[in-house]
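Single-structure report; data block below.
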Amino acid sequence: MDTKADDEGNLPIVVEFTGGLELLFSNQRKHQIALPSTDENGRSANLAFLVRYLCQSLMTGRRKDMFVTDGTVRPGILVLVNDADWELEGEDQYELKRNDNILFVSTLHGG
Amino acid sequence: MPPTPCALCNASRALIIRPKNHQKLCKACFISLFETEIHNTITANSLFSPGERVAIGASGGKDSTVLASVLKTLNERYNYGLKLMLLSIDEGIKGYRDDSLQTVKRNAVQYEMPLEIVGYDELYGWTMDQVVSQIGKKGNCTYCGVFRRQALDRGAARLGIKHVVTGHNADDVAETVMMNLLRGDLPRLARATSIVTASAASEIKRSKPLKYAYEKEIVLYAHHKGLDYFTTECIYSPEAFRGSARTLIKSLERVRPSAILDVVRSGEDMARLVPAEVSGGHRGGKDVIVNEGEAEGDGGCGSANGRASGGEMADMEKQLLENDGARDNETEITVNGHKHDPNCNKSNRMPKKLRKQQMGKCARCGYLSSQDICKACMLLEGLNKNRPKTQIQVSVEEEDSSPTLTRRMEGLTVIPGHQT
């Protein structure tokens, strides 16, 4: 399956949502997706592109503002790239690789 | 980007960047440092005494789950000698609390702690679902907040426990500081920043061991330790006011992560300027007296009620001015000009005595209260008055020949929907 996705120019990655964000994505925590390997301008897919892609293709909830504000991930949502804080990986400029695991955790909801 | 090595062990790859100082840490060093810092907070503030029985206010959410996990770890590592228990409140909200209580029940097994669940229905005869069906969604947080505070105390009392710890974190405290600043609520500003709140209203002391812990690190700790917690939003709480304070704090954090602890420290400094008569506590001491029924923010609920009226604020300003300690600490005191205006209305100039807290017992339920009837009983009285709605409607059917009565009944049916 991974190979096939590659042939089509897609990156197989795992995207996870927790802390309440799963409500925006079919109430499902883990999603295996095939992300186009290049963005709208033909550049390598980075996290900024992934976030746009998720809003367009994966989001089922209507409260997009709970995930994205001012064109980037809403403050209070942690982004982990293979368990590392995305701030250590260049934030939304991080270029995705095959089999990356991207975790979005909201800290904004009841505790 | 090449992997960054951990700033402490220099061996493993850094996965965490700490909000307060940008330190880059690996998973193991982060977990150990996070725990050590909570331990330092506990010892620096002498939160516990050996052999003490402590109830952890547990909601099943991230904060209380991390608190339970860390306290268990530290209690064993440093031999605190604590007997830890979980204490949960069941507000009676279907689809919300019943799910998160399942998490608490699992936590009780995982952490080998006894669990006590106290329900609003058994304490008050009303679940929050019933309260909301009666009064509507607006303003129900007031009921929930007042009921919760007593419920935690009563649950602790039932267990014979005199100390309840809650999972309030640095972000919560910073939000509360902001909210109370914006409201001009000095008493609560003082109380909310205090790590320990003892209360004349009950023998049970409250403390917040996670007061200096970033919400971000709490979530990361839970994630990297694989803790089992539940995320949900109260279905009745729109969180309007706290929501905007929360957005502000999170946006500040994005720009400058240290801002959260800075706000907490500023709140503490401002609290020191609030005279004891206003805050209800003894000055300079660690303990702060809390008014019955007024929690220090109640963990994320949207209640914006119970703020001081204008008259009380004027009293407070006067008190502030008169307080020598405050004057010493203040860099600048500005008082509205009309206060010194000799033509000013006399009643405004009369230095009114601030009412002192006189603790007695509620005449209804026997719970310690500063008033004759405690807040919970007052709220219950209002709820119970409107309860026999169906009986009234029956009498309308019986006497529907009387237009006067029908009209009166029409008037009555409006009352249950009436909100304050």
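Numbers restart at 1 for each chain; the letters A, B, ... are given by sequence-line order, proteins then strands. Just so you know, these numbers come straight off a predicted model, no measurement behind them.
Contacts between Leu80(A) and chain B at a heavy-atom distance below 4.5 Å involve the side chain alone, from C-beta outward. When heavy atoms are compared at a cutoff of 4.5 Å, Ile16(B) approaches chain A solely by way of its backbone atoms N, CA, C and O.
Taking the side chain as every heavy atom from C-beta outward, Thr18(A) and Thr231(B) never approach each other to under 4.5 Å. Proximity of Glu215(B) to Leu108(A): side-chain heavy atoms (C-beta onward) are nowhere separated by under 4.5 Å. At least one side-chain heavy atom of Thr247(B) sits under 4.5 Å from a side-chain heavy atom of Arg74(A). No side-chain heavy atom of Lys250(B) sits under 4.5 Å from any side-chain heavy atom of Thr69(A). Under the 4.5 Å side-chain criterion, counting only non-hydrogen atoms from C-beta, Asp83(A) is in contact with Leu15(B).
Considering every non-hydrogen atom in both Val81(A) and Arg13(B), the closest pair reads O-NH2, 4.5 Å.
Looking at Arg18(B), Lys24(B), Lys216(B) one by one, the single match for side chain to side chain contact (heavy atoms under 4.5 Å, CB included) with Asp85(A) turns out to be Lys216(B). Screening Asp63(B), Val219(B), Ile218(B), Asn169(B) against Thr107(A) for a side chain to side chain contact (heavy atoms under 4.5 Å, CB included) leaves a single residue, Val219(B).
By number of non-hydrogen pairs under 4.5 angstrom with chain B, the leading residue of Pro75(A), Gly19(A), Ala84(A) is Pro75(A).
Note that CG of Asp70(A) and CZ of Arg254(B) are 9.5 Å apart. Values are rounded to the nearest 0.5 Å.
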